[in-house]
*Asks:* 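After the structure tokens below, expect a handful of questions from me.
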Amino acid sequence: MIAARALLRHSSRPLAVLHVDYTERGHTPSGTRRSPAATRVTVLGTNGLVITDPLLGLVSARAKVVPDGATTWTI
């Protein structure tokens, strides 16, 4: 985050920094990697402050590995 703030300070154009962290679900018994369960999306504005920092669920709400507080939706 510190490097992102420094990048924003030295820019002559309006920028925002988007940082994404995934919550992994591990592997299946056969060794296949599972898709991420959730993601936290942090957006920094041009002043270097956090604009938004939501935790978004990427699997159904019935999944056992959805982190507490994750926002889930059905498509």
Side-chain angles (χ1 to χ4, degrees):
M1 294 283 200
I2 293 170
R5 287 188 182 106
L7 172 69
L8 291 170
R9 249 184 257 120
H10 298 295
S11 176
S12 61
R13 298 183 298 168
L15 294 174
V17 174
L18 178 69
H19 178 81
V20 180
D21 285 318
Y22 290 108
T23 301
E24 297 294 332
R25 295 193 303 159
H27 294 80
T28 65
S30 66
T32 304
R33 186 174 167 193
R34 292 185 171 122
S35 60
T39 185
R40 178 168 298 282
V41 180
T42 305
V43 180
L44 298 176
T46 56
N47 59 0
L49 299 177
V50 175
I51 295 173
T52 187
D53 189 33
L55 179 62
L56 306 173
L58 301 176
V59 294
S60 74
R62 295 185 325 219
K64 296 177 184 176
V65 293
V66 178
D68 290 337
T71 302
T72 58
W73 61 92
T74 304
I75 297 176

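Note that this is a predicted model, so its numbers are computed, not measured. Each residue takes its place number in the sequence, starting with 1.
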*Asks:* According to salt bridge (Lys or Arg N to Asp or Glu O under 4.0 Å), does anything in residues 41-57 pair up with another residue at least two apart or in another chain? List the pairs.
*Replies:* Arg40-Asp53

*Asks:* Under a 4.5 Å cut-off applied to non-hydrogen side-chain atoms, are Val43 and Val50 in contact?
*Replies:*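 The answer is no; the side chains never approach within 4.5 Å.
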
*Asks:* Ignoring hydrogens and geometry beyond distance, is a side-chain donor-acceptor pair present between Arg34 and Thr28 at under 3.5 Å?
*Replies:*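 Distance-only check fails for Arg34 and Thr28.
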
*Asks:* Rounded to the nearest 0.5 Å, what separates atom CD1 in Ile51 from atom OG1 in Thr42?
*Replies:* 11.0 Å

*Asks:* Please name the pair of heavy atoms, one in Ala38 and one in Leu55, separated by the smallest distance, quoted to 0.1 Å.
*Replies:*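 Distance-wise, the nearest heavy atoms are CB-CD1, 4.2 Å.
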
*Asks:* Side chain of Thr23, backbone of Thr39: donor and acceptor closer than 3.5 Å?
*Replies:*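 Between the backbone of Thr39 and the side chain of Thr23 there is no qualifying donor-acceptor contact (under 3.5 Å).
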
